[in-house]
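In what follows, a single structure is set out as structure tokens and then discussed.
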Protein chains: 2
Amino acid sequence: MLPVRLHPGGSEGPPPGAEAQPLQRRLGRLASLSPAEMAMIAEACRGPLRELPARGEIHPEGACPPPAALVSGWACRIRMLADGRRQIVAFLLPGDLIGRPPPCLPAPCAALALTRVLLADAQPLFAAGFTEHPPTQTGLGRALRAAELQEEVLLRDQVVRLGRQTAYERLASLLLELRQRLETAGLAQQRGFALPLTQEVLADALGLSVVHVNRTVQQMRRDRLIELRGGQVIILQPEALRSVADWQDIPGLRD
Amino acid sequence: MLPVRLHPGGSEGPPPGAEAQPLQRRLGRLASLSPAEMAMIAEACRGPLRELPARGEIHPEGACPPPAALVSGWACRIRMLADGRRQIVAFLLPGDLIGRPPPCLPAPCAALALTRVLLADAQPLFAAGFTEHPPTQTGLGRALRAAELQEEVLLRDQVVRLGRQTAYERLASLLLELRQRLETAGLAQQRGFALPLTQEVLADALGLSVVHVNRTVQQMRRDRLIELRGGQVIILQPEALRSVADWQDIPGLRD
DNA sequence: CGCGTCGTTGACACGGCTCAAGCTTAGTGG
DNA sequence: CCACTAAGCTTGAGCCGTGTCAACGACGCG
């Protein structure tokens, strides 16, 4: 069955219409959107959704997939080396965008569902934001563009983590990133959130071995910086964690 | 004085008008450009150029700099941790674009000149490609967009390097990336190119210590995969190097 | 000629990896 | 309801890749 962790709210699932919330919330924070644009987003999330189970492949490496929005569930971009080593390049959370409108380059990494996911067709959004008008002219265009730029910021954070931080610092940094992103989507509180990831997935994201992730998590527990059990994280000492990770919040849009 | 390595062609420097070549060549490869668009690029490169010496700061961390094109010289995007650790997030080569048109997010990393550099104002190019028309409608728009997407591909390569490759593999991979990018700009042959970087800079890019970069370079020399002296690289066994690095060429545009 | 930057080398320490085993939990079928 | 199983988590021992510290050499510039 599906991981129960996915919707910690309970077994009855989210109320109808709630699918649009993460995307609306996120894009609405990146730029101010008109009611028509909000409606267009809601429409996209109400439309026929693509559903994949955990471990499902959203698109393979080298593909040029149509734009989609992640409505619920967790996914990642992942690259594999010839000998089987895997690196998770980025996590994809509810409200994130996956493909790009053509013209695009063949994606250098595959996208994989980490939990059950629901995907909405984002083609109409990109058409309105990028194709019909210059991206600077509509609120939707600015929001989509800001989402792209934010993704690049996250990639650079990931480079710094992997290049210059210790295992302990990497974990702290990743937890803070995920918390902030989930909060933007309305899926995290100030100190806690659901983390439906195995330690193996964390290892592939942090460039570490599973064993070492485990030891690092335990150390962080012993230091009373976090609690982590049953797919739930609680950040006990946010300031200490930020200082360990050298974390600065992901910036928003600026004209 | 300036590093002689910069223009290995000779002391008399490039012929007049040659400044536009890397940018024209690169953008022209990413999308087919009209004569008017080629002229606009040439015009931008002829216009008043900003010059910085090696180690000069192109823009600080957190800035939102106007779009510029790197006309000659090498630069990088770099991020520093509170305790002084440095990570080079990306190298910037002739023909690369640096800022983004507003709306933009505050850059999470500073841009630094690694040699003497010349920068052209790319505002008119972005205006024509992004602001006045949707980016899909003009060749220039498609080229600029492809350049952005390519940068993202390079970032993901960097993540994989740092996350899952050994020092030896990282070096191999970086050399192949630089060779291909320089060739696109018309600055590398099939097997050799100028590499005006100290081992300390390589270390900051590869997430290694200077000492270990040195040992790794030497090992690669002993293995007769490369030659590297006086800022010149020669790839002795391209196929072997590709296989070590698990390298695949940077993709071009696809509709 | 002296100084600074960069490259090189050796000795040693340590963070993180591998291998291997045991444990816990949840799902599955009888 | 209870084995049985598979996946995930935990722990220990030992090794290896890479970092640190320190010194020296090579080169170019003033």
Side-chain angles (χ1 to χ4, degrees), chain A residues 1-6 8 11 53-55 74 81 83-87 114-116 161-172 174 195-222 226-233 244, chain B residues 1-6 11 53-55 74 81 83-87 114-116 161-172 195-222 226-233 244:
Chain A
M1 273 301 287
L2 309 174
V4 196
R5 307 160 169 177
L6 186 53
S11 52
R55 292 192 181 77
W74 286 47
L81 297 181
D83 62 357
R85 281 175 287 182
R86 309 192 316 163
Q87 176 65 46
L114 295 169
T115 66
R116 187 184 77 115
R161 259 199 291 269
L162 296 175
R164 285 299 183 209
Q165 294 195 292
T166 65
Y168 199 78
E169 293 164 344
R170 289 182 209 183
L171 177 59
L174 180 61
L195 183 79
L197 304 179
T198 66
Q199 294 188 352
E200 186 175 359
V201 169
L202 283 175
D204 283 334
L206 297 174
L208 300 168
S209 66
V210 194
V211 172
H212 201 65
V213 165
N214 185 286
R215 288 193 231 272
T216 306
V217 167
Q218 312 232 22
Q219 185 60 47
M220 206 168 275
R221 283 202 270 243
R222 256 176 275 131
I226 61 166
E227 279 179 17
L228 198 170
R229 2 162 280 281
Q232 291 285 328
V233 187
V244 164
Chain B
M1 273 300 288
L2 311 173
V4 198
R5 309 158 168 177
L6 185 54
S11 52
R55 295 193 179 75
W74 285 47
L81 297 182
D83 63 357
R85 280 175 288 180
R86 309 192 314 163
Q87 176 65 46
L114 295 170
T115 67
R116 187 185 76 116
R161 260 200 290 271
L162 297 175
R164 285 301 182 208
Q165 294 195 292
T166 66
Y168 199 78
E169 293 163 343
R170 289 183 208 183
L171 178 58
L195 184 79
L197 304 179
T198 65
Q199 295 188 349
E200 186 175 358
V201 169
L202 283 175
D204 284 333
L206 297 174
L208 300 168
S209 67
V210 194
V211 173
H212 201 65
V213 165
N214 185 288
R215 288 192 233 272
T216 307
V217 167
Q218 313 231 22
Q219 185 59 47
M220 207 169 274
R221 282 201 271 245
R222 256 176 274 131
I226 61 165
E227 279 179 18
L228 197 170
R229 1 163 280 280
Q232 291 285 329
V233 186
V244 164

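First the proteins, then the strands, lettered A, B, ... as listed; each starts at 1. These numbers come from a predicted model, not from an experiment.
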For residues 206-215 of chain A, please give each side-chain donor-acceptor pair under 3.5 Å, one per line with the distance, not counting sequence neighbours.
from     : atom 1 : to       : atom 2 : distance (Å)
A/Ser209 : OG     : A/His212 : N      : 3.2
A/Asn214 : OD1    : A/Gln218 : NE2    : 2.6
A/Asn214 : ND2    : A/Gln199 : OE1    : 2.9

Whole angstrom value for the distance that separates P of C/dG15 from CD of A/Glu169:
12 Å
Could you tell me whether B/Arg221 contacts a base, only the sugar-phosphate backbone, or nothing, with contacts defined as non-hydrogen atoms closer than 4.0 Å?
sugar-phosphate
Let me know, please, whether A/Gly207 or B/Val217 comes out on the 5' side of the other along DNA chain C by nearest nucleotide.
B/Val217
Any chance you could measure B/Ile226, atom CD1, to B/Leu171, atom CG, to the nearest 0.5 Å?
5.5 Å
Here the distance between atom C1' of D/dG19 and atom CG of B/Asp83, to the nearest Å, is 14 Å
To the nearest Å, how far apart are A/Gln218 CD and D/dG12 P?
10 Å
Are any side-chain N or O atoms of B/Arg170 and backbone N or O atoms of B/Gln165, one a donor and one an acceptor, separated by less than 3.5 Å?
yes
Between P of C/dG16 and CG of B/Leu208, the distance in whole Å:
14 Å
Nearest-Å distance, NE2 (A/His212) to P (C/dT18)?
12 Å
For a quick check of understanding: with a heavy-atom distance under 4.0 Å over all strands, which category does A/Arg164 fall into, base, sugar-phosphate or nothing?
nothing
Atom CD of B/Glu227 to atom P of C/dG7: distance rounded to whole Å?
17 Å
Heavy-atom nearest nucleotide on DNA chain C taken for B/Val210 and for A/Ala167; more 5' hit belongs to B/Val210
Just call it for A/Thr166: base, sugar-phosphate, or nothing, with non-hydrogen atoms closer than 4.0 Å on any strand.
sugar-phosphate
Rounded to whole Å, how long is the line connecting atom CD of B/Gln219 with atom P of C/dT8?
14 Å
Whether A/Arg229 contacts C/dT24 is assessed here as follows: a side-chain N or O lying under 4.0 Å from the phosphate OP1 or OP2. Is that the case?
no
Flag side-chain contact, heavy atom, 4.5 Å: A/Leu162 against A/Gln87:
yes
B/Gln199 side chain N/O closer than 4.0 Å to the phosphate oxygens (OP1, OP2) of C/dT5?
no
Does a side-chain N-to-carboxylate-O contact under 4.0 Å join A/Arg164 and B/Asp204?
yes
Which atom pair, heavy atoms only, marks the closest approach of A/Leu195 to A/Trp74?
CD1-CH2, 3.8 Å
Please tabulate the protein-to-nucleotide N/O contacts below 3.5 Å involving nucleotides 20-23 of chain C, giving atom names and distances.
none

If you look at every strand shown and take non-hydrogen atoms under 4.0 Å, does A/Arg55 touch a base, only sugar-phosphate, or nothing?
sugar-phosphate
Atom-pair distance (CD on A/Glu200; P on C/dC17), nearest Å
14 Å
Decide yes or no, distance alone: a donor-acceptor N/O pair under 3.5 angstrom between the base of C/dG15 and the side-chain of A/Arg215.
no
Determine: side-chain N/O of B/Asn214 to OP1/OP2 of C/dG7, distance under 4.0 Å, yes or no.
no
How about CZ on A/Arg55, more than 12 heavy atoms from neighbouring residues, nucleotides or ligands closer than 6.0 Å, or not?
no
Residues in salt bridge (Lys or Arg N to Asp or Glu O under 4.0 Å) contact with A/Arg229, at least two apart in sequence or another chain:
A/Glu227
